[in-house]
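Structure record follows, encoded as structure tokens.
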Number of protein chains: 2
Amino acid sequence: MPDGAPKKPSRIQKRNRGKILDAALEVFSRHGFRGATLDQIAAEAGLSKPNILYYFDGKEDIHVTLLSRLMDSWLDPLVAMNPEGDPTTEILSYVQRKLDMARDMPRESRLFANEILQGAPRIGPELSGHLKPLFDEKCALVAHWVAQGRLPPLDPQHLIFSIWATTQHYADFESQVSLLLGADADPHARASDHLNRMFRAMLEV
Amino acid sequence: MPDGAPKKPSRIQKRNRGKILDAALEVFSRHGFRGATLDQIAAEAGLSKPNILYYFDGKEDIHVTLLSRLMDSWLDPLVAMNPEGDPTTEILSYVQRKLDMARDMPRESRLFANEILQGAPRIGPELSGHLKPLFDEKCALVAHWVAQGRLPPLDPQHLIFSIWATTQHYADFESQVSLLLGADADPHARASDHLNRMFRAMLEV
DNA sequence: GTCTATAATACGATAGAC
DNA sequence: GTCTATCGTATTATAGAC
């Protein structure tokens, strides 16, 4: 077969690659890249270690594939911020969607947190290529809203950082959060309320 | 020599333990516990690997010693929150001190972030023993201020989480922050301004 | 495609000379 | 106290049968 024309993956290939990536998400997000082992991933996926390496070129290949696959859905809430909408509503909805993601996709959150915390050695290009343009675009949008007087003077870049930080905190530092809150109430509802009040206060003209 | 009476460490012992802990802070904070190696720590400290193990019982001993040594100074800003002071001033000062720490002690911030991100497997008891009582005490203080009507209704626990999240973000995710901001301005001044405005808006009665 | 067996290396820790 | 040399194990990756 001539090079450059990758064979179409069979049904079974797709299913196994999916199983491996899901297992890898579980293991990498809990232990980080170096702390994760192929043995753990293989056990979690229900496959043998050499079989894992039949589908991927190595540990790093799995990790990089995982990060780029998840990048798009991870950025969805920011993409959804609508230039036609009401500024305050759009931003508060974004906060809410990010907080929901921290609850529904904590593994993805910790996977990215682990990678960025260690200097993004394996995902730097993806960040420059996908995240940076989107970030710049949405910062320009917020700045535009400010210039129109529809938002008070604020720093778009640091506003977005604060949204990321406060929402992802509940996924990334979950062990500390649950220790400090105790096991009683559902933290999500109270966190949602708190963040809504905080960012609303900041966005009032 | 009878047990239970540890020999007083000599000057050279103190100095070498200090060099090792400083090197370990550098390496652990950048690569996490599993990602760090004794070879790296030894090279950074300018000592041989067996010499490292002469001063500490093993890799884990170094890590735990480091975490408990740093815990106190890491919590200093929260301790300094003064019940006698003006509520808004005290909280805004706390934000400022935490942000200064993210700038001045980014390695310490990343060390704790790495540990907590992975479920605090080696520092859980320290958190329960030192952090939890302090956290509860300061939450009660904020709740008291709210009950007095000196602060608007707010959730003390989640307020503190938001302060931690937003300030530590600049140290823990520095690689992403610097990528997105570009290399131009000093981020610290603008971050300080932004966080001051944000939390002030939330604290207005 | 999947497995068992194994190679190759990285790493934490120890032995023993000085 | 400090070093060189080395052990034992964990871990990534490959060989080769089926």
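Because only heavy atoms are used, hydrogens play no part in the values below, and waters and symmetry mates are left out as well, while side chains stay in. Since we're looking at a predicted model, the values are computed, not measured. Chain A is the first sequence line, chain B the second, and so forth, proteins listed ahead of strands; every chain is numbered from 1.
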Length of the [atom1]-[atom2] vector between [X] and [N], whole Å:
| X | N | atom1 | atom2 | result |
| --- | --- | --- | --- | --- |
| B:D61 | C:dG12 | CG | P | 14 Å |
| A:L47 | C:dC3 | CG | P | 7 Å |
| A:I41 | D:dT11 | CD1 | C1' | 12 Å |
| A:K19 | C:dG1 | NZ | P | 13 Å |
| B:K14 | D:dG1 | NZ | C1' | 18 Å |
| B:F28 | C:dC11 | CZ | C1' | 13 Å |
| A:L38 | D:dA13 | CG | C1' | 8 Å |
| B:H63 | C:dC11 | NE2 | C1' | 17 Å |

Side chain of [X] (C-beta onward), nearest among [options]:
| X | options | result |
| --- | --- | --- |
| A:T37 | C:dG1, D:dT12, D:dT4 | D:dT12 |
| B:S10 | C:dT2, D:dT12, D:dG1 | D:dG1 |
| A:K59 | C:dT4, C:dT2, D:dT12 | D:dT12 |
| B:P50 | D:dG1, D:dA5, C:dT2 | D:dA5 |
| B:S48 | C:dC11, C:dG1, D:dC3 | D:dC3 |

_Any B:R34 side-chain N or O less than 4.0 Å from OP1/OP2 of D:dT11_ = yes

*asked:* Tell me whether the side-chain N/O atoms of B:N51 come closer than 4.0 Å to OP1 or OP2 in D:dG1.
replied: no

*Taking the six-membered ring for Trp, are A:F135 and A:W164 ring centroids under 6.0 Å apart?*
yes

Remember a base hit wins even if backbone is also touched, and classify [X] as base, sugar-phosphate or nothing at under 4.0 Å, heavy atoms.
| X | value |
| --- | --- |
| B:F56 | nothing |
| A:L53 | base |
| A:A42 | nothing |

*asked:* Could you walk me through whether B:F161 and A:L181 satisfy the side chain to side chain contact (heavy atoms under 4.5 Å, CB included) test, starting with their C-alpha distance in whole Å, then the side-chain angles of each, then the deciding distance to 0.1 Å, before giving a yes or no?
replied: CA-CA 11 Å; B:F161 289 157; A:L181 289 185; 3.8 Å; yes

*Ion pair present between B:R197 and B:D193, side-chain N to carboxylate O less than 4.0 angstrom?*
yes

*Are A:D136 and A:K132 ion-paired here, with the side-chain N under 4.0 Å from a carboxylate O?*
yes

*Looking only at atom types and distance, does a side-chain atom of B:E115 sit under 3.5 Å from a main-chain N or O of B:I123, one as donor and one as acceptor?*
yes

*Does B:Y54 or A:F33 map to a spot on DNA chain D nearer the 5' end, using the closest nucleotide for each?*
B:Y54

